[in-house]
Amino acid sequence: MKKFIKYPFVAAIAALFGLATVSCSMEQPFAEEEGTLRMNLVINSDVTRAQLSDDDLAEKCVVYISGDKGLIRKYEGLSSLPQQETLRTGRYVAEAWTGDSVPASFDKRFFRGYQPFQINPGVNAVELRCPIVNVVTSVNPEGVNAELIKDFNIKVESSTGSLDFTPDNYRDAKGYFMMPYGADGVRESELKVTVTGRNLENKPFTKVQTIKNVKSAFEYVINFTYNPEDNDPAGGGYITITIDERETLIRDTVAIFAAPSIEGVDFDITHQIVGEPGQFSGDKVVKIIAFREISSFTVECVDMESLNLPAQQIDLKNCDDAMVARLNSAGISWDKQVTDVEGYDGVTRQLSYLYFSEQYLNSLPARNTEYIIRLTATDGDGKHRSQDLRIAVGEEAVVIEDPIVVDDLSLEDDKLAVGARSATLSATIVDDNVSDVSIRYRESGSSAWTTVPLSLSRAAGKKCSVTVSGLKPGTRYEYQALCGEFVSQSMYFNTESIFTIPNASMEEWSTYSASTMLGTRNVTLPWSVGDKSASFWGSGNEGSATANKTVLDKSGDMKASGSYSARLASTSAVGVIAAGNIFIGSYVRTDGTNGVLSLGREFNGSHPTKLRVHANYRPGGNVTVKKGNEGYVEITSGGTDQGQIYIALTTAPIEIRTDPSNRKLFPSSATNEDGKPSEDYDKVIAYGQVTWKEAFGPDGALQEIDIPFVYNDRARTTAPVYLVLVASASKFGDFFCGSSSSVMYLDDFELIYE
């Protein structure tokens with residue numbers, strides 16, 4: 001049975017982080033118009049023989065909401081989701097995942113979703129779909145003939161995990177595979193099927209089949225047909241294995257709802273109710289909201305006599321009339337007949353109210369500690385939520401709460417909150433009457449503080465943040481929130497270490513020997529040792545070496561420092577353009593007349609703001625556009641060439657293939673040219689580029705240029721692992737288009753941290 005698991009909730013998001021240096025970001029989130037986010041989280045779930053139940057998926061689910069200034073809220077488990085709040089208008093992204101990510105399993109599945117959305121004034125409905133990420137396998141039981149295939153075992157395996165379909169489980173088992181990434185950073189796309197058993201003559205046999213080009217969210221069904229006349233000496237020739245590819249389908253809907261909520265009506269139930277003895281004014285009303293019928297609603301206390309309660313624990317839903325009468329006489333009442341209200345999503349919610357009358361509150365004697373009444377609502381699905389009602393009678397019982405709380409800076413919540421030279425510090429205002437609020441920070445162990453003021457133009461309970469700069473890389477810092485004479489407890493963070501690009505000044509060069517279609521060639525390499533697998537840098541020199549061409553070499557003609565720069569010179573051979581290029585990564589192999597590259601080298605996980613490089617570019621004319629590629633390029637035959645540098649931070653290397661029949665380029669969007677999902681798009685978390693359509697830099701000299709990194713929403717939750725850089729004297733060299741006279745010089749690459 002395949003299901004949609006729907007999680008209806010109303011989520012409101014308060015901004016956590018701002019980007020303005022030494023200023024509070026909260027004026028903008030609360031000064032602009034607001035809207036309500038109402039979201040359905042839909043998980044495509046196949047629960048056949050699955051270990052995780054629908055409730056398990058709900059509680060394991062993690063949801064991130066990000067805005068244009070970063071992470072807004074992180075929810076862990078459905079029970080943590082609020083019933084209703086608002087957020088300011090603007091663009092957002094919702095991401096969610098749930099389940100277990102393991103190499104191979106019969107009962108563990110993994111789901112993930114990504115959905116940009118817009119918040120406008122009023123109600124905004126958003127559906128976040130989380131399709132299954134696994135590749136699913138199964139056996140068609142109709143094709144298994146116990147007479148023709150005996151004592152069989154069907155092993156399905158990837159490079160990291162395997163599953164066995166046996167006579168005991170093959171009829172209804174489904175195998176879930178998380179396809180791993182290979183050493184080249186490309187996700188594997190093959191599963192191996194090995195069938196062993198005994199044939200009609202009771203002889204053992206083995207049959208092997210490969211399932212190619214497997215895709216997430218598809219099920220691959222293993223079928224058997226037989227030809228008993230086949231006399232294959234291996235014993236398995238009479239068995240034919242075929243694979244049916246089925247896209248996972250959704251057949252019905254199951255709704256899973258959040259736990260009941262307990263809220264104060266016209267008062268904040270998370271704070272004390274404060275009054276002098278006999279001077280409370282008005283009733284205090286508590287609202288209970290539930291998606292399912294309440295199965296129990298308990299009122300619990302320790303000092304029942306002081307609270308004028310007839311028992312330490314009373315289940316208002318299930319107690320007898322005599323208990324209800326005693327509570328009513330004390331001034332506490334709850335109507336068991338709840339009101340049904342249909343919500344925005346067509347789902348009925350039950351509303352009920354618990355009343356603590358003015359009479360009851362004024363019956364409580366003064367004392368030097370607060371009274372605590374714990375309220376717990378449980379619904380028919382067993383979901384429950386508890387909330388303490390705290391009552392302070394007299395000044396001595398009032399608990400003085402911190403007026404401002406400094407927020408713990410967790411990089412698990414926002415990977416961009418701390419950089420090498422800056423950090424975004426935030427605080428939560430508890431008392432809306434406070435003034436003169438600030439945050440101070442210092443190097444851990446230092447005696448000198450730097451204090452940054454915060455503006456307070458919004459309600460209590462909201463967050464305000466400030467970005468501080470000028471910090472030292474790789475240093476531990478301490479920070480506190482201040483309000484008048486109040487000083488919060490200290491929190492700490494470590495700034496990131498900067499990353500220095502190896503051979504950034506292009507001073508180290510060597511050669512290595514490569515086999516080409518025309519024999520062995522010495523290939524120029526921008527590295528001190530002639531080993532392309534060890535080099536931080538690579539180029540297309542190995543491909544062009546087939547035609548005795550060098551598209552990258554050192555040069556002393558123009559340089560920013562030292563003795564050399566890198567000279568990228570486009571060329572042509574038999575009418576085919578080979579772009580002058582250099583990149584961070586490795587030239588993997590030559591495929592006919594095409595190249596296969598692996599872009600990216602391991603990186604320290606930091607977050608630079610831009611790349612700085614010294615460059616000179618002179619585009620060539622008389623451009624050649626290869627026939628059939630006109631629709632892919634922005635240059636025209638006979639026109640002027642273009643040069644480009646692009647940079648990226650990724651979670652894995654990116655494979656590039658220039659063969660038109662199997663072309664794979666750097667992902668610029670979530671879908672490829674054929675409309676299918678890009679397998680690499682989710683690996684990219686930051687990107688930047690510059691394209692030159694005319695000459696750059698003065699004649700005979702290099703000019704400094706900065707290329708900013710633009711971080712996407714995934715950067716908030718995912719750390720970069722690889723650094724990618726590609727420079728080409730002919731931007732469209734991947735399509736064998738450009739000018740054979742285009743030249744680019746590059747020197748002194750540097751990552752800038754601000």
Trace of the side chain to side chain contact (heavy atoms under 4.5 Å, CB included) decision for L364 with F280: CA-CA 10 Å; L364 301 177; F280 286 88; 5.9 Å; no
From CA spacing to verdict: side-chain hydrogen bond (donor to acceptor under 3.5 Å, both in side chains), S422, S469: CA-CA 4 Å; S422 64; S469 58; over 6 Å; no
CA sep, side-chain torsions, deciding dist, call: Y753, T609, side chain to side chain contact (heavy atoms under 4.5 Å, CB included): CA-CA 5 Å; Y753 296 82; T609 55; 5.5 Å; no
Evaluation steps, side chain to side chain contact (heavy atoms under 4.5 Å, CB included), between L316 and L354: CA-CA 10 Å; L316 298 177; L354 177 65; 3.8 Å; yes
Trace of the side chain to side chain contact (heavy atoms under 4.5 Å, CB included) decision for V133 with F111: CA-CA 5 Å; V133 178; F111 308 85; 5.6 Å; no
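The nearest pair of heavy atoms linking F709 to A686 is CD2-CB, 4.1 Å. Shown here for I314 and L327, the closest heavy-atom pair between the two residues is CD1-CD2, 3.9 Å. The two residues E478 and S490 have their closest heavy-atom pair at OE2-OG, 2.5 Å. Minimum heavy-atom separation, S357 to D283: CA-OD1, 3.2 Å. Here the shortest heavy-atom pairing between V285 and F267 reads O-CE2, 3.2 Å. Here the closest non-hydrogen pair linking C301 and L309 is SG-CD1, 3.5 Å.
Using a 4.5 Å heavy-atom cutoff, the side chains of I294 and I288 are in contact. Here the side chains of Y711 and L649 are in contact, with some heavy-atom distance below 4.5 Å. For the pair T475/N494, no side-chain contact is recorded, criterion being any heavy-atom separation below 4.5 Å from C-beta on. Put simply, the side chain of K415 does not reach to within 4.5 Å of the side chain of R716, judged on heavy atoms. Residues M491 and D407 fail the side-chain proximity criterion, which asks for heavy atoms closer than 4.5 Å. Inter-residue side-chain proximity for I439 and L482 is flagged as unmet; no heavy-atom pair is nearer than 4.5 Å. Side chains of P473 and S497 form no contact here, defined as non-hydrogen atoms less than 4.5 Å apart. I372 places none of its side-chain heavy atoms less than 4.5 Å from the side chain of V302.
Under a 3.5 Å cut-off, the side chain of N318 and the backbone N or O of S295 do form a donor-acceptor pair. Side chain of S446 to main chain of A448: a donor-acceptor pair is present (N/O by atom type, distance under 3.5 Å, no hydrogens or angles). Using modelled atom types, one side-chain atom of S329 and one backbone atom of R326 make a donor-acceptor pair closer than 3.5 Å. At distances below 3.5 Å, at least one donor-acceptor pair connects side-chain atoms of T495 with backbone N or O atoms of G474. Here the side chain of E358 pairs a donor or acceptor atom with the backbone of G282 at under 3.5 angstrom.
Not counting sequence neighbours, the partners of S363 by the side-chain contact (heavy atoms from CB on, under 4.5 Å) test are N308, Y360. Remark: S306 pairs with D303, R367, Y371 by the side-chain contact (heavy atoms from CB on, under 4.5 Å) rule, at least two apart or across chains.
For the atom pair CG of L307 and CD of Q312, the computed distance is 10.5 Å after rounding to the nearest 0.5 Å. Rounding to the nearest 0.5 Å gives a distance of 12.0 Å between CG of L389 and CZ of R374. From N328, atom CG reaches atom OG of S333 across 5.5 Å, with rounding to the nearest 0.5 Å. The CD atom of Q480 lies 11.5 Å from the CD1 atom of I404; values are rounded to the nearest 0.5 Å. For the atom pair E496 CD and L416 CG, the distance stands at 8.5 Å (nearest 0.5 Å). Distance CD1/I269 to NZ/K287: 11.5 Å, rounded to 0.5 Å.
For R109 and D100, the salt-bridge test fails: no basic side-chain N is under 4.0 Å from an acidic carboxylate O. R385 has no carboxylate O lying under 4.0 Å from a charged side-chain N of E263, or vice versa, which leaves the two without a salt bridge. A salt bridge links E443 to K472: one of the charged nitrogens lies within less than 4.0 Å of a carboxylate oxygen.
Aromatic ring centres of W449 and Y441 lie farther apart than the 6.0 Å criterion allows. Taking the six-membered ring wherever Trp is involved, the centroid distance between the rings of Y479 and F493 falls below 6.0 Å.
A donor and an acceptor atom, one from each side chain of T424 and T467, are located under 3.5 Å apart.
Figure legend: cation-pi geometry between K284 and Y355 absent, as NZ or CZ is not positioned both under 6.0 Å from the six-membered ring centre and within 45° of its axis.
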Validation: residues 270-279 side-chain donor-acceptor distances under 3.5 Å, sequence neighbours left out:
residue, atom, partner, partner atom, Å
T270, OG1, D268, OD1, 2.5
T270, OG1, D268, OD2, 3.2
H271, ND1, E401, OE1, 2.9
H271, NE2, D268, OD2, 3.3
Q272, OE1, V399, N, 2.9
Q272, NE2, E370, OE1, 2.6
Q272, NE2, A397, O, 3.1

